[in-house]
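Just so we're on the same page: letters track the sequence lines, and every chain starts at 1.
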Protein chains: 2
Amino acid sequence: MTAPDRPSFRVLKAEFLRRIRARVWEPGALIPGEHELAAEFGCARATINRALTELADEGVIERRRRAGTRVKLSPVRQARFEIPIVRAEVEATGAAYRYALVSRALGRAPDWLRALRDLPDDARMLHLVCMHYADARPFQHEERWINIAAVPQVEAADFGAVGPNEWLVQAVPFTDAEIGFSAAAADPRLAEFLSVAPGEPVMLAERTTWLEGQLVTHVRLHFGRGYRLTTRY
Amino acid sequence: MTAPDRPSFRVLKAEFLRRIRARVWEPGALIPGEHELAAEFGCARATINRALTELADEGVIERRRRAGTRVKLSPVRQARFEIPIVRAEVEATGAAYRYALVSRALGRAPDWLRALRDLPDDARMLHLVCMHYADARPFQHEERWINIAAVPQVEAADFGAVGPNEWLVQAVPFTDAEIGFSAAAADPRLAEFLSVAPGEPVMLAERTTWLEGQLVTHVRLHFGRGYRLTTRY
DNA sequence: CAGTGGTCTAGACCACCGG
DNA sequence: CGGTGGTCTAGACCACTGT
């Protein structure tokens, strides 16, 4: 007989998951408290807590003070997608990345954007349109507004060589963001940029980012044919 | 003067993020070790560790034993999307959920699926087509294959009342999964199901799930007009 | 108001890995 | 080899909330 080691939190997580899968702990049921589990496994409560906290974070169980821990009835599965900068995304496919600036203009925020993000009437924005290519193939069309009040130094950047995405990442890193993906039809202008047929379906990502509550940028990204957002979970 | 409280790990996370944003800790640079930070903030090393571990988990910093902790050069931002079951997704919008089975048939796996997921030639599958509605509006068209070898009891289910998604979640919970989103054009048959124009862009999700390495199910989900996958991060 | 989970501590041991 | 982060412990205090 080998004396069983004290279990690590990974072992505990796996065991708890096994019990849930095996219906030892049924959906909706209360599972034993942390003290009880610590006694059962002969480990510290903190170790049990770490395992359960991570399972809760993953959406498998639900924990509430006083009420205890329950197996979720309908587990909310979560998928994590990495949102890299375009250059990295293109280069990861083995293709050469090329960037081109289409237009650059200063002006007021368009009405829809002011309404969407609650901007002042006179908010000055830098409006950029650019293209990203994988080898010679159009990869992504980018239309972006940057809030000059939030990033004053952007006026000095010309974006001829470096794309606004990369520029912003190094100038204003680690912002809060909201992103949405949908399917859109390529209008004739966009179709030409992306070398697709007019009306062809393309993936559209819209992202807004803030720093300390102030809008930094809003961008509409249309992807070329065949783009697929994928992950395991 | 009030004596400053010992900082919580949340406070520490915020402070570390502030230092990174403010370039006190520059991209690529080594940050102080845990012992040093614990001394600076007058708290336990475990508290520092929790804050840094979470930041590493979020892709902001990179940690390696012996080498220390560095601010990531190109932060890989991650977005988390919740993947609920259809019923919950529809009901969350305030609409009434309705489900309808279109067809149910036993047979072999189609060639493309056998090739895609490396199934044996004679793998027997249950093929299902069904629709999900939000009030009277088509919400999602579902075409699914279920591996009978993995879920033998599926042969007894008729799916007239309960959709295969919900049935599987309660029969085979917590599987591994791969999911991909793309934009597709509605073919005439699909367009009719979804009440969209033929050729209109719709979001397509393809998901494959396994249990202990064995394929459980593969499903193609086409969403109705206006579907949007969205999150903050 | 009592019992649950959430957090922190001070210390310890150890795996890893760069020099 | 030695210093870093990774993990665990035994205990403590506390916030929250169901009864």
Side-chain angles (χ1 to χ4, degrees), chain A residues 2-17 19-20 24-73 75-76, chain B residues 2-17 19-20 24-73 75-76:
Chain A
T2 62
D5 284 337
R6 301 300 236 329
S8 81
F9 79 95
R10 290 170 197 286
V11 172
L12 291 172
K13 258 180 86 169
E15 169 61 14
F16 296 157
L17 213 49
R19 290 186 182 186
I20 291 168
V24 178
W25 293 342
E26 301 196 357
L30 210 55
I31 74 173
E34 297 190 352
H35 283 103
E36 193 176 332
L37 290 169
E40 175 188 346
F41 289 96
C43 65
R45 183 171 74 96
T47 309
I48 300 289
N49 180 275
R50 176 155 185 194
L52 291 178
T53 299
E54 291 198 2
L55 287 176
D57 208 46
E58 289 162 21
V60 174
I61 58 178
E62 212 165 15
R63 323 194 70 200
R64 269 157 58 217
R65 287 171 151 124
R66 172 69 194 177
T69 300
R70 289 179 181 282
V71 180
K72 274 214 185 176
L73 274 171
V76 176
Chain B
T2 63
D5 285 338
R6 302 299 235 331
S8 80
F9 79 96
R10 290 171 197 286
V11 172
L12 291 172
K13 261 180 83 169
E15 169 61 14
F16 296 159
L17 212 48
R19 290 188 182 186
I20 291 168
V24 178
W25 294 341
E26 300 197 357
L30 210 55
I31 74 174
E34 297 190 352
H35 283 103
E36 193 175 334
L37 289 169
E40 175 187 346
F41 289 95
C43 65
R45 183 171 73 98
T47 309
I48 301 287
N49 180 274
R50 178 157 183 193
L52 291 179
T53 299
E54 290 198 3
L55 287 177
D57 209 48
E58 288 162 21
V60 174
I61 58 178
E62 213 165 13
R63 323 193 71 200
R64 268 158 56 218
R65 288 172 150 118
R66 171 70 193 174
T69 300
R70 290 178 181 284
V71 180
K72 275 213 185 177
L73 274 172
V76 177

Quiz item: B:Arg63 has an atom CZ; how far is it from atom P of D:dT7, in whole Å?
Solution: 10 Å

Quiz prompt | Gap between atoms CG and P, on B:Leu37 and D:dG6 respectively (whole Å) | solution = 13 Å

Exercise. Give a yes or no on this: more than 12 heavy atoms of other residues, nucleotides or ligands lie within 6.0 Å of atom CZ of B:Arg19.
Key: yes

Quiz item: Considering only heavy atoms from C-beta outward, does the side chain of B:Glu15 approach that of B:Val24 to under 4.5 Å?
Solution: no

Self-check item: Rounded distance (Å) that lies between atom P of D:dT4 and atom CG of B:Asn49
Solution: 14 Å

Quiz prompt | Protein-nucleotide distance (A:Arg50, atom CZ; D:dC8, atom P), rounded to Å | solution = 7 Å

Quiz prompt | Euclidean distance, atom CD of residue A:Glu34 to atom P of C:dT7 [Å, nearest integer] | solution = 11 Å

Practice problem: Measure the acute angle between the ring planes of A:Trp25 and A:Phe16, then classify it against the limits of 30° and 60° as parallel, tilted or perpendicular. | Solution: tilted

Quiz item: What heavy-atom pair brings A:Ala67 and A:Leu30 nearest, and what distance separates the two atoms?
Solution: O-CD1, 3.4 Å

Practice problem: Look at the side-chain N and O atoms of A:Arg10 and state whether any lies under 4.0 Å from the OP1 or OP2 oxygen of D:dT7. | Solution: yes

Practice problem: Take atom CD of A:Glu54 and atom P of D:dG6, then tell me their distance rounded to the nearest Å. | Solution: 13 Å

Quiz item: B:Thr47 has a side chain; which of C:dT7, C:dT9, D:dT7 sits nearest to it?
Solution: C:dT9

Exercise. Whole angstrom is fine here: how far is it from CD1 in A:Ile61 over to C1' in C:dT4?
Key: 14 Å

Quiz item: Is there a donor-acceptor pair under 3.5 Å between the side chain of B:Arg70 and the backbone N or O of B:Gly28?
Solution: yes

Exercise. Please determine if a side-chain N or O atom of B:Thr69 lies less than 4.0 Å away from the OP1 or OP2 oxygen of D:dG5.
Key: yes

Quiz item: Are the side chains of A:Val71 and A:Glu26 in touch, meaning some heavy atoms are under 4.5 Å apart?
Solution: no

Practice problem: Identify the two heavy atoms, one from A:Ser8 and one from A:Thr47, that lie closest to each other, and give their separation to 0.1 Å. | Solution: C-CG2, 4.2 Å

Quiz item: B:Arg70 CZ to C:dG18 P: how many Å, rounded?
Solution: 11 Å

Quiz item: Would you say the base of C:dT7 and the side-chain of A:Arg45 have a donor-acceptor pair closer than 3.5 Å?
Solution: yes

Could you list the protein-to-nucleotides 17-19 of chain D atom pairs, N/O on both sides, closer than 3.5 Å?
residue, atom, partner, partner atom, Å
D:dG18, OP1, A:Arg64, NH2, 2.7

Quiz item: Starting at the 5' end of DNA chain C and moving along, which residue's nearest nucleotide shows up first, A:Leu52 or A:Ala46?
Solution: A:Leu52

